[in-house]
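Count residues from 1 along the sequence.
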Amino acid sequence: MNTHTHTHTDTDTDTTTFTTIESPLGELLLVGRAGVLTSLSMPGQRTAPAVRPDWRRDDDAFTEATTQLTAYFAGRLTRFDLPFAAGGTDFQRRVWQAVDTIPYGTTTTYGTLAAQLGVARADTPAVGAALGANPLLIVRPCHRVIGADGSMRGYAGGVDRKVRLLTHEGALQPTLV
């Protein structure tokens with residue numbers, strides 16, 4: 001049994017903080033530590049963290065992220081400028097850095113991304129797995145990576161949200177219903 005106790009204070013950099021914001025994609029969960037974003041997730045996301053009892057809600061810690069996300073969804077922001085934790089393995093970080101260079105309103109394919117990274121064609125699924133492990137949806141634009149045939153292959157937030165993000169950015173034409 002662990003009997004170690006630790007008192008969290010407002011200046012404690014070990015405290016995980018969170019907030020939620022409404023978006024066109026549903027309620028987004030923002031998680032961070034010491035003012036650095038560590039996760040941005042959506043409802044129903046298979047890799048989304050669950051709020052833990054030792055986390056502290058701190059809306060003020062996410063003011064800049066909230067402002068930028070609001071501007072993004074309003075069509076006024078095309079590139080995020082937020083401090084966030086690197087996380088992940090060396091390979092995942094390489095993939096995520098490459099994804100960060102995909103311009104707003106454009107897409108690339110898994111194969112093109114793999115080639116850009118020098119990954120063998122047979123190892124392209126590893127690129128997809130790294131994208132699926134991205135803890136910073138929207139901010140790190142893995143939604144801009146699509147299948148070579150134009151298909152909307154997997155997205156941790158759901159393929160329907162991937163389509164909505166790409167339509168919002170002008171990379172896809174809206175579907176008339």
Side-chain angles (χ1 to χ4, degrees), residues 21-32 36-49 62 64-66 68-177:
I21 65 167
E22 285 303 319
S23 84
L25 303 176
E27 186 178 74
L28 303 179
L29 172 64
L30 285 72
V31 180
V36 175
L37 192 62
T38 58
S39 173
L40 191 161
S41 58
M42 302 175 190
Q45 178 183 331
R46 64 180 181 267
T47 56
F62 299 95
E64 186 58 28
T66 299
Q68 289 188 33
L69 284 161
T70 300
Y72 169 82
F73 285 115
R76 297 188 314 268
L77 182 86
T78 60
R79 187 163 183 84
F80 293 96
D81 183 17
L82 295 168
F84 55 81
T89 66
D90 288 342
F91 180 75
Q92 287 171 332
R93 284 193 299 275
R94 281 184 54 224
V95 172
W96 298 340
Q97 286 169 349
V99 165
D100 285 341
T101 68
I102 305 168
Y104 178 94
T106 67
T107 60
T108 193
T109 66
Y110 293 94
T112 300
L113 192 60
Q116 178 185 336
L117 292 163
V119 173
R121 187 167 182 80
D123 294 330
T124 299
V127 172
L131 293 173
N134 173 15
L136 296 166
L137 297 191
I138 306 168
V139 173
R140 183 180 290 133
C142 58
H143 58 274
R144 296 179 188 154
V145 183
I146 63 173
D149 60 359
S151 63
M152 298 296 123
R153 298 221 168 93
Y155 180 62
V159 171
D160 59 324
R161 289 189 180 119
K162 181 175 192 163
V163 169
R164 289 172 65 190
L165 286 166
L166 290 173
T167 302
H168 168 74
E169 293 184 4
L172 288 178
Q173 293 300 312
T175 304
L176 300 177
V177 181

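From Thr101, atom OG1 reaches atom CG of Leu113 across 8.0 Å, with rounding to the nearest 0.5 Å. Atom NZ of Lys162 is separated from atom OG1 of Thr107 by 9.5 Å, given to the nearest 0.5 angstrom. A distance of 8.5 Å separates CZ in Phe62 from CG in Leu29, rounded to the nearest 0.5 Å. To the nearest 0.5 Å, atom CG of residue Asp100 and atom CG of residue Leu136 are 9.0 Å apart. The CG atom of Leu137 sits 9.5 Å away from the NE2 atom of His143 when rounded to the nearest 0.5 Å. A distance of 8.0 Å separates OG1 of Thr108 from CD1 of Ile146, quoted to the nearest 0.5 Å.
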| request: Could you go through the side chain to side chain contact (heavy atoms under 4.5 Å, CB included) check for Glu27 and Ile21 one step at a time? | output: CA-CA 6 Å; Glu27 186 178 74; Ile21 65 167; over 6 Å; no

| said: Between Tyr155 and Val145, does the side chain to side chain contact (heavy atoms under 4.5 Å, CB included) criterion hold? Intermediate values first, please. | reply: CA-CA 9 Å; Tyr155 180 62; Val145 183; over 6 Å; no

| said: Using side chain to side chain contact (heavy atoms under 4.5 Å, CB included), reason through Gln45 and Arg161 one step at a time and then give a plain yes or no. | reply: CA-CA 10 Å; Gln45 178 183 331; Arg161 289 189 180 119; 5.7 Å; no

| request: Would you please test Val99 and Asn134 for side chain to side chain contact (heavy atoms under 4.5 Å, CB included) and show each step? | output: CA-CA 10 Å; Val99 165; Asn134 173 15; 5.8 Å; no

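A pairwise comparison of heavy atoms in Gln92 and Ala130 identifies CG-CB, 3.9 Å as the closest pair. Residue Pro141 comes nearest to Val139 through the heavy atom pair CD-O, 3.5 Å, listed as atom of the first residue, atom of the second, then distance. The two residues Ala98 and Gln116 make their nearest non-hydrogen contact at CB-NE2, 3.8 Å. Across all their heavy atoms, Gly111 and Thr124 have their closest contact at N-CG2, 4.1 Å. Between Ala156 and Gly132, the shortest heavy-atom contact is CB-O, 4.1 Å.
Every residue meeting the side chain to side chain donor-acceptor pair (under 3.5 Å) condition with Thr112, not counting sequence neighbours, appears here in chain and number order: Thr109. Legend: residues meeting ring-ring contact (aromatic ring centres under 6.0 Å, His included) with Phe73, ordered by chain and number and at least two apart, are absent. With sequence neighbours excluded, no residue satisfies side-chain contact (heavy atoms from CB on, under 4.5 Å) with Ala115. Remark: Arg164 pairs with Pro24, Leu25 by the side-chain contact (heavy atoms from CB on, under 4.5 Å) rule, at least two apart or across chains. Applying the salt bridge (charged side-chain N to carboxylate O under 4.0 Å, His left out) rule to Arg140 yields no partners; only residues at least two apart in sequence or on another chain are considered.
Taking the side chain as every heavy atom from C-beta outward, Phe80 and Ile138 approach each other to under 4.5 Å. For the pair Val119/Val95, no side-chain contact is recorded, criterion being any heavy-atom separation below 4.5 Å from C-beta on.
Between the side chain of Trp96 and the backbone N or O of Cys142, no donor-acceptor pair lies under 3.5 Å. A donor-acceptor contact shorter than 3.5 Å is absent between the side chain of Thr47 and the backbone of Ala133.
The aromatic rings of His168 and Tyr104 sit perpendicular, their planes meeting at an angle over 60°, well past the 30° parallel limit.
Sorted by first then second residue, the salt bridge (charged side-chain N to carboxylate O under 4.0 Å, His left out) pairs that include residues 78-90, not counting sequence neighbours, are Asp90-Arg93.
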